[in-house]
Amino acid sequence: MGSIDAPTTTENGTTQSHAAATADGDQKRLASANGAPAEMTLESEATKKRRSSVLPLEVGTRVMCRWRDGKYHPVKVIERRKMHFGGPDDYEYYVHYTEFNRRLDEWVKLEQLDLDSVETVVDEKVEDKVTSLKMTRHQKRKIDETHVEVGHEELDAASLREHEEFTKVKNIATIELGRYEIETWYFSPFPPEYNESLKLYFCEFCLNFMKRKEQLQRHMVDGKKNKVYGQNLCYLAKLFLDHKTLYYDVDLFLFYVLCECDDRGCHMVGYFSKEKHSEESYNLACILTLPPYQRKGYGKFLIAFSYELSKKEGKVGTPERPLSDLGLLSYRGYWTRVLLDILKKHKGNISIKELSDMTAIKAEDILTTLQSLELIQYRKGQHVICADPKVLDRHLKAAGRGGLEVDVSKLIWTPYKEQS
């Protein structure tokens with residue numbers, strides 16, 4: 001086994017190290033002139049060699065990445081871009097955290113990546129081709145039909161891949177809206193001249209957007225004209241809704257904007273849109289609560305408000321599909337609370353149609369909600385509601401508290417068909 005002799009001091013005060021080895025021929029351990037073991041130098045060289053062999057990382061590479069929680073998580077490289085100042089291997093990488101929703105995708109620097117965990121890049125097209133050869137056409141069709149992400153149920157497999165390819169990289173990283181700077185979640189198809197803008201500044205009153213803070217300040221002085229509010233609202237919403245279709249023809253929709261008011265004015269916290277005429281009985285097309293105002297009950301308030309409008313119209317309603325993951329959770333919570341409150345107070349039998357008439361909730365939504373809670377059974381050709389009080393209390397507790405209450409006595413609104 002190799003050993004290192006104690007250093008000796010020369011007359012000029014420098015140190016020298018001598019390496020010794022046993023006669024059995026074991027590998028020597030060397031010491032460098034500055035006293036650091038040479039094996040560390042060799043290790044460093046190995047690290048550099050490995051870095052040069054894997055850098056720059058290819059799109060599709062899987063590697064561990066240090067996230068904001070300080071821990072390493074598995075990611076897949078979606079895109080890369082050259083640093084303006086740096087060497088040939090100096091890139092930033094846009095990564096998808098495979099454990100989380102796409103809203104957390106982000107650009108990261110090389111130092112956040114653990115290069116020792118790099119996995120060999122697999123050509124997914126080749127892999128799919130090899131896999132498909134091993135499957136029958138029926139098996140492949142079944143996989144394509146079932147492998148659809150939540151919120152994209154209306155897309156077939158080919159359309160979903162096209163959507164993901166087109167929207168894979170967030171084009172706007174942050175926005176400033178009022179007193180908040182907000183990290184965005186998804187790609188939004190802003191006009192091409194905004195593609196190089198990592199941050200946009202929104203006027204919170206008319207929703208015009210600008211590239212520079214100075215432009216926003218001039219705009220706030222010049223006035224707040226509302227010529228393209230609907231389209232700007234759609235641009236803004238798309239930054240936080242993965243599945244949303246951007247509506248350029250906003251004439252088909254009514255927009256209901258919820259605001260917090262203070263001495264500076266009215267500040268938008270969220271909104272929902274509603275088709276003027278919906279053949280599918282949709283009472284809500286798109287809903288969003290901006291991230292700084294979430295978890296305050298505003299989303300639940302907007303949902304409840306949309307159903308109060310349906311009651312005014314004398315119709316039952318349902319939200320337009322697909323719902324986002326957060327939207328689905330909000331609706332399930334709303335349906336659960338409304339239906340169980342009625343079942344808890346109601347004496348005697350009640351039908352699904354009667355529940356629908358009382359709540360303006362579509363019968364299909366009532367049925368799926370009660371089935372998910374195991375409160376409905378199918379007997380003798382009809383659905384029967386089983387409402388045990390203790391079970392109702394347990395489900396109500398799990399559903400959590402409701403949002404802000406809608407004071408119907410203050411609602412002044414005329415259905416659109418009566419306005420024309």
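- In terms of modelled atom types and a separation under 3.5 Å, the side chain of Thr61 and the main chain of Leu57 share no donor-acceptor contact.
- By the 4.5 Å heavy-atom criterion applied to side chains, Tyr293 and Leu258 are not counted as neighbours.
- In Lys353, the NZ atom is not crowded: 12 or fewer heavy atoms of neighbouring residues, nucleotides or ligands sit closer than 6.0 Å.
- With hydrogens and angles disregarded, no donor-acceptor distance shorter than 3.5 Å links the side chain of Lys311 to the backbone of Val316.
- Counting only distance, with no hydrogens or angles, the side chain of Ser278 and the backbone of Glu275 share no donor-acceptor pair below 3.5 Å.
- A salt bridge links Lys344 with Asp393: the distance from a Lys NZ or Arg NE/NH1/NH2 to an Asp or Glu carboxylate oxygen falls below 4.0 Å.
- Contact between Gly230 and Val250 at its shortest, heavy atoms only, is C-CG1, 3.8 Å.
- The shortest distance between side-chain heavy atoms of Tyr271 and Ser273 falls below 4.5 Å.
- Side chain of Glu313 to main chain of Pro415: no donor-acceptor pair is present (N/O by atom type, distance under 3.5 Å, no hydrogens or angles).
- Side chain to side chain, Glu79 and Tyr93 fail the donor-acceptor criterion of an N or O pair below 3.5 Å.
- Annotation: cation-pi geometry not satisfied between Arg102 and Trp185 (NZ/CZ under 6.0 angstrom from ring centroid, within 45° of ring axis).
- Using a 4.5 Å heavy-atom cutoff, the side chains of Lys315 and Ser281 are not in contact.
- Two residues are said to be in side-chain contact when any heavy atoms from C-beta on lie closer than 4.5 Å; Val95 and Asp105 fail this criterion.
- Taking 4.5 Å as the limit, every side-chain heavy atom of Phe187 sits out of range of all side-chain heavy atoms of Leu239.
- The two residues Asn283 and Ser306 come nearest to each other via the heavy atoms ND2-O, 3.7 Å.
- Between Ile287 and Gly299, the closest heavy-atom pair is CD1-O, 3.9 Å.
- For the pair Lys300 and Glu405, the salt-bridge criterion is not met [side-chain N within less than 4.0 Å of a carboxylate O].
- The minimum heavy-atom distance linking Thr98 with Arg62 is given by the pair CG2-NH1, 3.7 Å.
- For Lys170 and Tyr186, the positive end is not near the middle of the six-membered ring at less than 6.0 Å and at most 45° from its axis.
- Using a 4.0 Å cut-off between a side-chain N of Lys or Arg and a carboxylate O of Asp or Glu, Lys168 and Glu162 do not qualify as a salt bridge.
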Check step by step if salt bridge (charged side-chain N to carboxylate O under 4.0 Å, His left out) holds for Glu106 and Arg68. CA-CA 11 Å; Glu106 62 179 349; Arg68 62 192 68 174; 3.7 Å; yes
Could you go through the side-chain contact (heavy atoms from CB on, under 4.5 Å) check for Ile342 and Met358 one step at a time? CA-CA 9 Å; Ile342 293 175; Met358 294 169 66; 3.7 Å; yes
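- Under a 4.0 Å N-O distance rule, the pair Asp341/Arg337 does not qualify as a salt bridge.
- Shown here is Asn349, whose CG atom has no more than 12 heavy atoms of other residues, nucleotides or ligands within 6.0 Å.
- In summary, Glu181 and Lys199 engage in a salt bridge, as defined by a charged side-chain N under 4.0 Å from a carboxylate O.
- Here the closest heavy-atom approach between residue Val75 and residue Cys65 is recorded as CG1-CB, 3.6 Å.
- Side-chain atoms of Leu373 and Gln371, non-hydrogen and from C-beta on, never get closer than 4.5 Å to each other.
- Across all their heavy atoms, Ala363 and Ser356 have their closest contact at N-OG, 3.9 Å.
- Aromatic rings from Tyr229 and Phe255 are positioned such that their centres are separated by 6.0 Å or more.
- The closest side-chain donor-acceptor pair between Glu260 and Tyr298 falls under 3.5 angstrom.
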Given side-chain contact (heavy atoms from CB on, under 4.5 Å), test Tyr334 with Leu329 step by step and report yes or no. CA-CA 9 Å; Tyr334 173 79; Leu329 286 173; over 6 Å; no
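- Remark: Glu193 CD is packed, more than 12 non-hydrogen atoms of other residues, nucleotides or ligands lying under 6.0 Å away.
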side-chain contact (heavy atoms from CB on, under 4.5 Å) assessment of Leu115 paired with Leu110: CA-CA 9 Å; Leu115 296 183; Leu110 183 62; 4.1 Å; yes
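- Note on ring orientation: taking the six-membered ring where Trp is involved, the planes of His267 and Phe205 are tilted (angle from 30° to 60°).
- Note on Glu164 versus Arg161: no salt bridge recorded, every NZ/NE/NH1/NH2 to OD/OE distance being 4.0 Å or above.
- Annotation: cation-pi geometry not satisfied between Lys213 and Tyr201 (NZ/CZ under 6.0 angstrom from ring centroid, within 45° of ring axis).
- Proximity of a side-chain donor or acceptor of Gln215 to a complementary backbone N or O of Lys211 within less than 3.5 Å is detected.
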Just do the side-chain contact (heavy atoms from CB on, under 4.5 Å) check on Ile172 and Ile175 with the steps written out, would you? CA-CA 8 Å; Ile172 308 297; Ile175 63 169; 4.1 Å; yes
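- Between Glu92 and Arg80 there is no salt bridge, since no side-chain nitrogen of the basic residue lies less than 4.0 Å from a carboxylate oxygen of the acidic one.
- The main-chain N or O of Leu200 is never found under 3.5 Å from a side-chain atom of Ser197 such that the two would form a donor-acceptor pair.
- A donor-acceptor pair under 3.5 Å is absent between the side-chain atoms of Ser310 and the main chain of Ala360, judged by distance alone.
- Side-chain contact between Val391 and Cys386 is absent, with no heavy atoms from C-beta onward closer than 4.5 Å.
- Under a cut-off of 6.0 angstrom, the local environment of CD in Glu183 is sparse, with at most 12 non-hydrogen atoms contributed by other residues, nucleotides or ligands.
- Shown here is Glu279, whose CD atom has no more than 12 heavy atoms of other residues, nucleotides or ligands within 6.0 Å.
- Distance alone, capped at 3.5 Å, is enough to place a donor-acceptor pair between the Gln294 side chain and the Thr289 backbone.
- Side-chain contact between Thr369 and Ile366 is absent, with no heavy atoms from C-beta onward closer than 4.5 Å.
- In this structure, Phe202 and Phe209 have tilted ring planes: the angle between them lies in the 30° to 60° band.
- In this structure, the side chain of Arg212 does not engage the main chain of Met210 through any donor-acceptor pair within 3.5 Å.
- The six-membered or imidazole ring of Trp67 lies away from that of Tyr72, with a centre-to-centre distance of 6.0 Å or more.
- Salt bridge annotation for Lys274-Glu320: absent, with no cationic side-chain nitrogen under 4.0 angstrom from a carboxylate oxygen.
- Crowding of Glu374 atom CD: a count of heavy atoms from other residues, nucleotides or ligands under 6.0 Å not exceeding 12.
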